[in-house]
Amino acid sequence: MQDTFQRQINYLRIAITDRCNLRCRYCMPATGVPLKGHEDILRLEEIATLARVAAGTGISRIRLTGGEPLVRKNVVTLVRELAAIPGLEEISLTTNGIFLGALAFSLKEAGLKRVNISLDTLKKDRYRYITRRGNITSVWQGIRAALAAGLTPVKLNVVITRGFNDDEILDFARLAREEPLHIRFIELMPIGTAAASGTAYVPAEEIKGRISRVYPLEPFPDLATNGPAANFRLVGGRGSVGFITPMSNHFCSRCNRLRLTADGKLRPCLYWDGEIDIKGPLRAGAPETELAAIFARAVSLKPAEHHMENGWRQPRAMSQIGG
Ligand SMILES: Nc1nc2c(ncn2[C@@H]2O[C@H](COP(=O)(O)OP(=O)(O)OP(=O)(O)O)[C@@H](O)[C@H]2O)c(=O)[nH]1
Ligand SMILES: C[S@@+](CC[C@H](N)C(=O)[O-])C[C@H]1O[C@@H](n2cnc3c(N)ncnc32)[C@H](O)[C@@H]1O
Ligand code: SF4
Ligand code: SF4
């Protein structure tokens, strides 16, 4: 599908749940985000139906996210169903990694291609602080299991915030040198609790400068997956570092994605309030041609770019949109 700005839309991010086992401070309040009722959330077979329709419209990659996708019961069965859909070349997943140790091999066997794992600090106490409850040892078990299972390339998503973890930038770079891990530094966006907290993002250029003064970097186009990251190999290293810059240098002109929320809304953009209900028509028995037309309408409504700078704030939490 092509949108009104000549961008090819071939990637769908599906939030398969709005629930999460963690409470990352920049993402949600300590009490969590009000959850949708059981009936409001797409059933797994409904997600599979919509994925089949999406594939028919030209979507070739699907990423499962949330909330925390691995808290959704029967996620392995869902992956198996999605992996069997003709036209879907890649099913991937973004997770906090806590339950990945237990699930990595079954997910791989079911057809998952790769995982991105969120880890904002390498320090045990800080991890518990930023997630308000997580145990970093479980995340490392998840990372090791992902590598062993071949869910590769394994990418680590790191949100650097001023005064919290900006002293760990070189530790992460060292990790990328020593291990086959691809660290992506993400600029904090004013979404979720981050919007009101005044927490400051650290521009990617500053992070890159600090790394390249110690570890020479060279462009690493091989890791490109049509995602937003600009990737660099550390000369002589096993992994890489990448930069996702929604704030300092947004990548909207290359946008290739739609989002489907856990409660069945199609979102043309991460940072825009437009969304289209597709669960209602699906449950009312709409034929697949009609559902495909709803995908096409969502694509036609994609804005040229986000306007995070103009003061409008996304009312949905990141865990509801899927990141
Ligand atoms: N502004 C904006 N940020 C995005 C978008 N897609 C991803 N991000 C940010 O990048 C983070 C990491 O995204 P991932 O879930 O790892 O997905 P990805 O980077 O597309 O994955 P790859 O296919 O591995 O490149 C998200 O949580 C967001 O913070 C987008 O379309 N717009
Ligand atoms: C919303 S989570 C969903 C998937 C899973 N629970 C996880 O944490 O990977 C996806 C990603 O969004 C990132 N994220 C959450 N809030 C953000 C914000 N305000 N700005 C930038 N990234 C954010 C998280 O760090 C995580 O990497
Ligand atoms: S970033 Fe992911 S793990 Fe952390 S609270 Fe949000 S949804 Fe949960
Ligand atoms: S902010 Fe919106 S338009 Fe820009 S890359 Fe993200 S989803 Fe696409």
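The analysis underlying the following values was restricted to heavy atoms, covering all of them including side chains, and did not include hydrogens, waters or symmetry mates. Predicted model, so just to flag it, every value in this text is computed and none were measured. When a ligand or atom number is given, it counts from 1 through the structure's own listing order.
For the pair R114 and E90, the salt-bridge criterion is met [side-chain N within less than 4.0 Å of a carboxylate O].
When non-hydrogen atoms are compared, ligand 4 lies under 4.0 Å from neither the backbone nor the side chain of R254. Heavy atoms of T95 found under 4.0 angstrom from ligand 2 belong exclusively to the backbone. For L188, heavy-atom contacts with ligand 2 shorter than 4.0 Å involve the backbone as well as the side chain. Contact annotation: for T65 versus ligand 2, heavy atoms closer than 4.0 Å belong to the side chain alone.
Here the protein heavy atom with the shortest distance to atom 2 (Fe) of ligand 4 is C269 SG, 2.3 Å. For atom 6 (Fe) of ligand 4, the nearest non-hydrogen atom of the protein is L270 CB, 4.3 Å. Nearest non-hydrogen protein atom to atom 2 (S) of ligand 2 is G66 O, 4.4 Å. Scanning all protein heavy atoms for the shortest distance to atom 8 (Fe) of ligand 3 gives C20 SG, 2.3 Å. Nearest protein heavy-atom contact of atom 5 (S) of ligand 3 is C24 N, 3.2 Å. In terms of protein heavy-atom proximity, atom 20 (N) of ligand 2 is closest to M189 N, 2.8 Å. What sits closest to atom 25 (O) of ligand 2 on the protein, heavy atoms only, is Y26 OH, 2.9 Å.
Using a 4.0 Å heavy-atom cutoff, M28 is listed among the residues neighbouring ligand 3.
A donor-acceptor contact closer than 3.5 angstrom links the side chains of Y271 and R313. Of the N and O atoms on the side chains of T261 and R267, not one donor lies less than 3.5 Å from an acceptor on the other residue.
A donor-acceptor pair under 3.5 Å is absent between the side-chain atoms of S319 and the main chain of G67, judged by distance alone.
Using the six-membered ring where Trp is involved, F185 and F243 have ring planes that are parallel, under 30° apart on the 30 and 60° scheme.
Nearest residue to atom 17 (C) of ligand 2 from Q320, M318, E187 is M318 (criterion: closest heavy atom). When the options P246, G67, G323 are ranked by their closest heavy atom to atom 4 (C) of ligand 2, first place goes to G67. Of all the listed residues (C27, G97, A194, S118), S118 holds the heavy atom that lies closest to atom 9 (O) of ligand 2.
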(request) Decide side chain to side chain donor-acceptor pair (under 3.5 Å) for K124 and N135; before the verdict, give the C-alpha distance in whole Å, the side-chain angles of both, and the deciding distance to 0.1 Å. (result) CA-CA 7 Å; K124 194 172 174 64; N135 180 352; 3.0 Å; yes
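Residue P34 comes nearest to Q320 through the heavy atom pair O-NE2, 3.8 Å, listed as atom of the first residue, atom of the second, then distance.
Atom-to-atom distance recorded for D171:CG and L122:CG is 6.0 Å, nearest 0.5 angstrom.
Taking the ring centre of Y215 as origin, the terminal cationic atom of R177 falls outside the region bounded by 6.0 Å and 45° from the ring axis. No cation-pi contact links R61 to Y11, judged by a cut-off of 6.0 Å to the six-membered ring centre and 45° from its axis.
Taking every non-hydrogen atom of C27 and a distance limit under 4.0 Å, the qualifying atoms of ligand 3 come out as 1 (S), 5 (S), 6 (Fe). Applying the 4.0 Å criterion to heavy atoms of N96 picks out, from ligand 3, the atoms 3 (S).
When distances to atom 2 (Fe) of ligand 4 are checked against a cut-off of 2.8 Å, C252 contributes no N, O or S atom below that limit.
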